[in-house]
Amino acid sequence: MRRLEQLQGGSGRPARTAALVSIDAEAAAMAELREALQRAPREVPCKYFYDDRGSALFEQITRLPEYYPTRTERALLEAEAEAIVQAAGGAGLSEMVELGSGAASKTVALLEAALRLGGRPRYVAVDISAHALARTRELLAQARPEIPVDEVLADYTQELRLPPAPDGGPRLALFLGGTIGNDEDADATRLLERMRGHLAPGDLLLLGANLVTEPAVIHAAYNDSAGVTAEFNRNILRNVNALARSAFDPDAFDHYAPYVIERQRIEMWLVARRALEVDLGRLGGRIQLASREGIRTEISRRFTRDQVLRLLDDAGFSPEHWFESPEGRFGLALGRVREL
Ligand code: AVJ
């Protein structure tokens, strides 16, 4: 198994949090955090959720009764896996490359469909979390030892280097889980364009997106009764403290995650319970938070089918297929890279 650790800077030190593993990445993370925390409203970019503990908490979220997206997407992928792989080149498909592979438990359905159709694609997993990549490796070695796996530890929002395209059939890129909903349109389009930059005309992208559904259902998914999402939200401050040696007290913040109907999105906030002064450590200086001031940690958008297809089209992919879960809560769009 080959391992490309583009963020590790060759130190040989085991990577725990991708943002800490090279001098450049570290400096960039400090600048990004400093800038985000000075904004109005203050923010912490959602990629900082995914340290080892955060990745484990997210995996726990995916098993909560209220958190419907993961199991809805998984059922859809399982039901449509053969149709998707067939539409993406069938036995000729040379590679599947997944951005934000996480635990990759959903991807197994696609790899198995490819094997059933007589193919044997390579699988390339890209994730910001070394912990998540390790889980991917274990899971695939268990489920499908015959699939060759490459791992890329990378923050794909910054820079991305992939192993060279294999010879032969098309590549299928996967961007699943509804993560595209973490960005506003402009950034979402830029991210998809960057993915297209790594692909050749004729290659494909499978994009998973949360769809507009009942607000109460969406609300419950981010306000679970066991409090796991609240803990996941607060954990972002632990990770910031670890990276920046800042002094946020996670317990001084309430989890607040409303679904804003008009904007078709969940907004995750951490709200100060009282006035706070926080030492920012390596970010420099201190900040004053007013009582009840919020720090926004994530947006998670719901889309209509037309909005998803529009994003693909704007990024240079021709939409070719659309798959939707039975209750219309999750959609998968398959697009093909257009000639420029
Ligand atoms: C992994 C980004 C798809 O937006 O639903 C889960 C992250 N945040 N609960 C999402 C998340 C709160 C998740 N994504």
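Just so it is clear, the model here is predicted, and its values are computed rather than measured. Order of listing sets the numbers, starting from 1, for every ligand and every atom in it. For the single chain, residues carry numbers from 1 onward in sequence order.
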### Task
Say whether Ser300, considering both its backbone and side-chain N or O atoms, lies within less than 3.5 Å of an N or O atom on ligand 1.
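Yes, Ser300 has an N/O under 3.5 Å of an N/O on ligand 1.
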### Query
Considering distance alone, does some N or O of Thr229 sit under 3.5 Å from an N or O of ligand 1?
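There is no such contact.
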### Task
Determine the sole option in Glu78, Glu73, Glu98 for which the side chain to side chain donor-acceptor pair (under 3.5 Å) test with Lys106 is passed.
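Going through Glu78, Glu73, Glu98 one by one, the side chain to side chain donor-acceptor pair (under 3.5 Å) with Lys106 is satisfied by Glu73 alone.
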Answer with yes or no whether the side chains of [Y] and [X] bring together a donor and an acceptor at under 3.5 Å.
X      : Y      : value
Gln264 : Gln307 : yes
Arg302 : Thr304 : no
Glu32  : Tyr48  : yes

### Query
In terms of hydrophobic clustering (I, L, V, M, F, W, Y; side-chain heavy atoms under 4.5 Å; direct or indirect links), are Ile61 and Ile128 co-clustered?
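They do share one cluster, since a chain of ILVMFWY contacts under 4.5 Å joins Ile61 to Ile128.
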Among protein heavy atoms, which lies nearest [atom], and at what distance?
atom                    : value
atom 13 (C) of ligand 1 : Tyr67 OH, 3.4 Å
atom 3 (C) of ligand 1  : Gly177 O, 3.0 Å
atom 7 (C) of ligand 1  : Glu298 OE2, 3.4 Å

[X] and ligand 1 - part of the residue with a heavy-atom distance under 4.0 Å:
X      : result
Phe49  : neither
Asn182 : side chain
Tyr68  : neither

### Message
Strictly distance-based, threshold 3.5 Å: is any side-chain N or O of Thr62 a donor or acceptor partner for the main-chain N or O of Glu59?
### Response
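Yes, the answer is positive, given that a donor and an acceptor are paired below the 3.5 Å cut-off.
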